[in-house]
Novice: 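Structure incoming, see below.
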Amino acid sequence: MPEMLEAEEARALIAARALDRPVASVFTPDAWYLKRGLTPAAAKRALKGRTLTEARRRGKQILVDTSDGGPVLALHLGMSGRVLVDGDAAGDPLLYASNRDAPEWRRFGLTFADGGTLFLRDPRRFGAVELDPDEDRLGPDAFDLTKPYLAGVLAGSRAPVKAVLMDQHRIAGLGNLLTDEALFRAGIDPARPADSLDPAEVATLHRAVRTTLRTLQRRGGSHTGDHMVAREPGAVCPRDGAPMLRRTVGGRTTFSCGLHQT
DNA sequence: GATGACCTGTGA
DNA sequence: TCACAGGTCATC
């Protein structure tokens, strides 16, 4: 299930292969999938005849600009979505989700005048398509996270530090796996109240977030973290051999080392 | 802020 | 059959 690294791969795929191709038709078989009042008719009207001019991303949200003053096309991958351009998907197959290609999983699509296609495939239907989203409902993208900003959002909350890191309004892009990995690397207990971190811990966490994003992006996705091998019942910490804890923190299944994450 | 709801597929 | 899944939203 995609986090910001998978969204970035999808963005890059669109940027590389789907721009400047006139849209001949818009495929909207699943009206439920269109959000914020968007209808199939309105989507067709807004996109047909235009080209995609730029593919951006903020957190997990993929934002595609369109030509001639057209709308911003916003794609969200939800828990199981993938973008396909001319039938090809970017990146590794998803964990926890089917990677088959059943035609009925295509929830939205564009057919270009040259015969090519862009599809959003999403078995679980947790993704979304909308036009002109309010981009500022998201915090700054996690790639742009600064230490002072992180210090500020942590100091302002008594919620578990993991919940704050995953709050898309505060920081956009970190999901369950990336957050667990960053806290694992930083040696910080995910359940710690955010405002209990001292400045040294904030600095360590900031570095861990940056290292996690860079390293896992290079390795190929959110599922390539060091702690992933220990993400199962009875596992031990790959760093020190201590038992891994499995809990719910911030509403999500959380694995952490009971020894080095304090 | 924690909880349940949304929806569907997979694997034990 | 059940538990579980990399997300987000409304609700108490």
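In the text below, chain A, chain B and the rest are named by the order of the sequence lines, each starting its count at 1.
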Novice: With distance as the sole test, does A/R107 use its side chain to make a donor-acceptor pair with the main-chain N or O of A/P123 at under 3.5 Å?
Specialist: yes
Novice: Could you tell me whether A/R82 and A/D88 make a salt bridge, using a distance below 4.0 angstrom between a side-chain N and a carboxylate O?
Specialist: no
Novice: List for me each residue that meets side-chain hydrogen bond (donor to acceptor under 3.5 Å, both in side chains) alongside A/S256, sequence neighbours excluded, and say none if there are none.
Specialist: A/R247
Novice: Could you list the residues that satisfy side chain to side chain contact (heavy atoms under 4.5 Å, CB included) with A/F143, not counting sequence neighbours?
Specialist: A/M4, A/L5, A/R57, A/D141, A/L213, A/Q217
Novice: With side chains defined as the heavy atoms from C-beta onward, is the minimum distance between A/C257 and A/D240 less than 4.5 Å?
Specialist: yes
Novice: Please give, in whole Å, the distance from B/dG11 C1' to A/E232 CD?
Specialist: 14 Å
Novice: Which atom pairs, one a donor and one an acceptor, fall under 3.5 Å between side chains of residues 169-179 of chain A and the rest of the protein, sequence neighbours left out?
Specialist:
residue: A/H169; atom: ND1; partner: A/R137; partner atom: O; Å: 2.8
residue: A/R170; atom: NH1; partner: A/D167; partner atom: OD2; Å: 2.7
residue: A/N176; atom: OD1; partner: A/K162; partner atom: NZ; Å: 2.5
residue: A/N176; atom: ND2; partner: A/T253; partner atom: O; Å: 3.0
residue: A/T179; atom: OG1; partner: A/G175; partner atom: O; Å: 2.6

Novice: Quote, to the nearest angstrom, the P distance that separates C/dT11 from B/dC7.
Specialist: 15 Å
Novice: With sequence neighbours left out, write down each residue that passes side chain to side chain contact (heavy atoms under 4.5 Å, CB included) with A/L197, or none if nothing qualifies.
Specialist: A/L154, A/V161, A/I188, A/R192, A/E201, A/V202, A/L205
Novice: Give me, pair by pair, the N or O atoms of the protein and of nucleotides 9-12 of chain C that are less than 3.5 Å apart, along with how far apart they are.
Specialist:
none

Novice: Does OP1 or OP2 of C/dG7 have a side-chain N or O of A/S80 closer than 4.0 Å?
Specialist: no
Novice: Expressed in angstrom and rounded to an integer, what is the separation of A/I62 atom CD1 from C/dG7 atom C1'?
Specialist: 13 Å
Novice: Only counting residues at least two apart or in another chain, list the ones meeting ring pair (Phe, Tyr, Trp, His ring centres under 6.0 Å) with A/F184.
Specialist: A/H260
Novice: I need the CZ-C1' distance between A/R121 and B/dT8, as an integer number of Å.
Specialist: 15 Å
Novice: Please give, in whole Å, the distance from B/dT8 P to A/D30 CG?
Specialist: 8 Å
Novice: Between N or O atoms, less than 3.5 Å apart, protein on one side and nucleotides 3-7 of chain B on the other: list the pairs.
Specialist:
residue: B/dC7; atom: O3'; partner: A/R125; partner atom: NH1; Å: 3.0
residue: B/dC7; atom: O2; partner: A/R124; partner atom: O; Å: 3.4
residue: B/dC7; atom: O2; partner: A/R124; partner atom: NE; Å: 3.2

Novice: Output the rounded distance in Å from CG (A/L77) to C1' (C/dT8).
Specialist: 13 Å
Novice: Report yes or no: does A/E54 contribute a side-chain atom to a donor-acceptor pair with the main-chain N or O of A/L52 at less than 3.5 Å?
Specialist: no
Novice: Short of 4.0 Å, heavy atom to strand atom, which residues of residues 217-227 of chain A count as contacting DNA chain C?
Specialist: A/S222, A/H223
Novice: Does the A/T51 side chain pair with the main chain of A/T53, one donor and one acceptor, at a distance under 3.5 Å?
Specialist: no
Novice: Donor-acceptor pair, distance only, cut-off 3.5 Å: does the side chain of A/Q261 make one with the backbone of A/L183?
Specialist: yes
Novice: In residues 158-168 of chain A, what residues come within less than 4.0 Å of DNA chain B, judged by heavy atoms?
Specialist: A/A159, A/P160
Novice: Look only at the side chain of A/R158 and the backbone of A/P193, and say whether a donor-acceptor pair between them is shorter than 3.5 Å.
Specialist: no
Novice: Residues two or more places apart in sequence or in another chain: which of them pass side chain to side chain contact (heavy atoms under 4.5 Å, CB included) with A/D114?
Specialist: A/R21, A/F112
Novice: Could you spell out the base pairing of DNA chain C in dot-bracket, with Watson-Crick or G-U pairs whose two distances are under 3.5 Å, [ ] crossing and | to another strand?
Specialist: |||||.||||||
Novice: May I ask you to evaluate whether A/H76 reaches the phosphate of C/dG7, defined as a side-chain N or O under 4.0 Å from OP1 or OP2?
Specialist: no
Novice: Figure out the CZ/P separation between A/R252 and C/dT8, and round it to whole Å.
Specialist: 8 Å
Novice: Mind checking what makes ring pair (Phe, Tyr, Trp, His ring centres under 6.0 Å) contact with A/F119, not counting sequence neighbours?
Specialist: A/F27
Novice: Between C/dT8 atom P and A/K35 atom NZ, what is the distance in whole Å?
Specialist: 12 Å
Novice: Which whole-number value in Å describes the distance from A/Q61 CD to C/dT8 P?
Specialist: 9 Å
Novice: What I want to find out is whether A/R36 reaches A/D132 closely enough, with some N-O distance under 4.0 Å, to be called a salt bridge.
Specialist: no
Novice: Look at A/R246 together with A/E232 and state whether they make a salt bridge at an N to O cut-off of under 4.0 Å.
Specialist: no
